[in-house]
Structure formats: C-alpha cells, structure tokens
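In what follows, a single structure is set out as structure tokens and then discussed.
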Amino acid sequence: MFDRLIRIASLNKTPLLLGMMGINFLLTGVDVLIAHSQNNFFRWELIPLIYTPLAVLAILVLLIFKSNIRVKRVFQLVMWLGVFVGVIGTVFHLFGNATFSRETLHRLLVEGSPVAAPIAFAGISCYALVSEGYRGTSRRSKLLILVGLGFWGSVAAAFLDHARLAFIPGYTLIPLVTGSLAAIACFYLAYYQANTTEIYIFFWIMVLNLFVGILGFGFHLLGDLAGTQGIVWARMMYRNPLLGPLLFCNLAFLGGLSLLPEQTAAHEDNSI
C-alpha cells in the first residue's frame, strides 16, 4: 500500500511540489497579515499581501494550463518577483530596526522586526521555479539544497526569536539542534549518492523535525494562554508566533517530497 502511494506521488511529483508551494504562499501570507496588522500595515507592509494572491494564482493557472508556454513565462516572472519581494522585505526589516544612527546588534536583529522572516518569499519562489524548471536527479539535488537552506533560515529565525528569552527554558535550544541536523542531512543527500540506510536516516531526521515543530506549536500556544482566563487574541497573534514552529513541519514534509523518485529522467538537464 505504501509503495503504491509512493508510486502515485512520484507520477504526480511536479503538481505535488507546485501545490505545496501554493499552500506555502497562502500560509506565509496569513502569517504576514497577522504580523503587519500590528502596525496597521504601515507604508510598504502591503507589498507581500498584494503579492501573495498573485503568486497563488500563478501557480493555480500553471497547474491547469501546464503546457502553455506563455503561462509558464508569466509564472516564472511572478516567482522571480517573489525573490525580489523576499530580499527587499529583509532590507526593510533591517532598516526599520535601525531607528537610530548606531544600533546594537541585539536591537538590530533580536528586538525589532524579524529579519529572517521576509526571505521566506524568496525561498518559496525558488523552490517553485526549480520544481517547474528541472527534472530528474538535477531537480532532486536542487530541491534538497533549498530545503537545507530553509532549515538554516528556520534555525536563524528560532535563534533570534528565542534569544529574546535568553534561551530560557533550555528546551528552546531543541529546534536549533534538530534544524541544523536536518540542514546537514539535506546537503549531504543533495551532493552524494545515498544508500538505503542513509535515506532511512534522512527520513527519521525529517520525522524528528516534524515532531519538534508540533511540540513547538504546543509550547507557543501554552505560552499565549498562560495566565489568562480565556483566549486573548492579541497574545495569540503577536506574542508567540503560532505558525513559526510549524515551519519545521513544513520543511520536513518538503524534504520527503523532494526525495520522491522521478517519473522520468528524460529532461534531467532542463533548466529555467
């Protein structure tokens, strides 16, 4: 039964990958909507909210008209725009944190806006571009590299977020360890031909990060509910980011999808 599911997923790998990127854009947009609502969408904060439905629409149209060359070109243009949105968002966050001429590194990276968050748009866009533009082992390697970079980004985001608490309690260090381990595993499989044992180890590392993400979500939820008589939506939205730990679940799932066998290697050397 499991082998049959793997075979079906492999035959539909490209739609699965692109569909996951559509979901990623949607959830990232919701996360940005919550975060930027705290500032009443000040100045340029509407940019990612305008871009998100455009990216989702581009993916949906490509899935429907996958053989249309013009649709593919528009899709690629929209995804490259997503890379720009991610990079410029990071710059905006850095400049927004630098409110004075001389800022401490702690104020610049830890206390202000999350500098590692906007680059998610660039990561999702690159993953979608590779999913559509490559096939075979070339695609698998590139996707695993992107997932590895995603884990490093999530580790950086968790580090900066948990640094506000001075890593107290100690279990706030757990995602830093498991995420780094997952990144190393992704890079290893991207560059080396793994045997069956190494692939099993990789999947167990992904399962571990899936569990860590769910556990982190529970800890964040309990932290938002602590000391309250009921649900305080302001705390749920702005105190401990509920969607943050689920990044590890998402990346673990993408790591597994990236490693799915390819239907054919006939277009292995295709590029964007």
If you define the side chain from C-beta out and look only at heavy atoms, does anything of [X] sit under 4.5 Å from [Y]?
X	Y	answer
C126	M21	no
K13	L17	yes
Y127	N24	no
T178	F211	no
F248	F151	yes
Y191	L144	no
S258	R139	no
I168	T172	no

Measuring from [X]:[atom1] to [Y]:[atom2], what's the distance to the nearest 0.5 Å?
X	Y	atom1	atom2	result
L247	N209	CG	CG	11.5 Å
R73	L62	CZ	CG	12.0 Å
I47	I88	CD1	CD1	7.5 Å
D31	L27	CG	CG	9.0 Å
I199	W204	CD1	CH2	15.5 Å
L26	I124	CG	CD1	10.5 Å

Original post:
Would a line drawn from the ring center of F219 to the ring center of Y171 be shorter than 6.0 Å?
Top reply: yes

Original post:
When the aromatic ring centroids of F167 and F159 are compared, is their separation below 6.0 Å?
Top reply: yes

Identify whether [X] and [Y] are in the same connected component of the hydrophobic contact network (ILVMFWY, side-chain heavy atoms under 4.5 Å).
X	Y	value
L63	I69	no
V177	I174	no
L210	M20	no
V61	I50	yes
L60	L77	no

Original post:
side-chain hydrogen bond (donor to acceptor under 3.5 Å, both in side chains) with Y200: which residues, sequence neighbours excluded?
Top reply: none

Closest approach of [X] and [Y], non-hydrogen atoms and distance?
X	Y	value
K66	K72	O-CE, 2.8 Å
N68	V71	OD1-N, 3.1 Å
L129	Q76	CD2-CA, 3.8 Å
A190	I145	CB-CG1, 3.6 Å
L18	S131	CD2-CB, 4.1 Å
L246	G213	CD2-O, 4.0 Å

**OP:** Could you check R135 against T14 for side-chain contact (heavy atoms from CB on, under 4.5 Å), going step by step and ending with a plain yes or no?
**Re:** CA-CA 9 Å; R135 295 295 184 272; T14 300; 3.6 Å; yes

Original post:
Is there a donor-acceptor pair closer than 3.5 Å between any side-chain N or O of E198 and the backbone N or O of N195?
Top reply: yes

**OP:** Check whether any side-chain N or O of S138 sits under 3.5 Å from a backbone N or O of Y134 as a donor-acceptor pair, and report yes or no.
**Re:** no

**OP:** Could you tell me whether F253 atom CZ has more than 12 heavy atoms of other residues or ligands within 6.0 Å of it?
**Re:** no

**OP:** Count the heavy atoms belonging to other residues, nucleotides or ligands that lie under 6.0 Å from CZ of F84, then report whether that count exceeds 12.
**Re:** no

**OP:** Output, in order, the C-alpha distance, side-chain angles, deciding distance and verdict of side-chain contact (heavy atoms from CB on, under 4.5 Å) for F202 and C186.
**Re:** CA-CA 8 Å; F202 173 84; C186 287; 3.8 Å; yes

Original post:
So F25 and Y51, would you call those rings parallel, tilted or perpendicular, with 30° and 60° as cut-offs?
Top reply: perpendicular

Subject >> Option from L143, L146, V147 for which side-chain contact (heavy atoms from CB on, under 4.5 Å) with L254 holds >> reply: V147

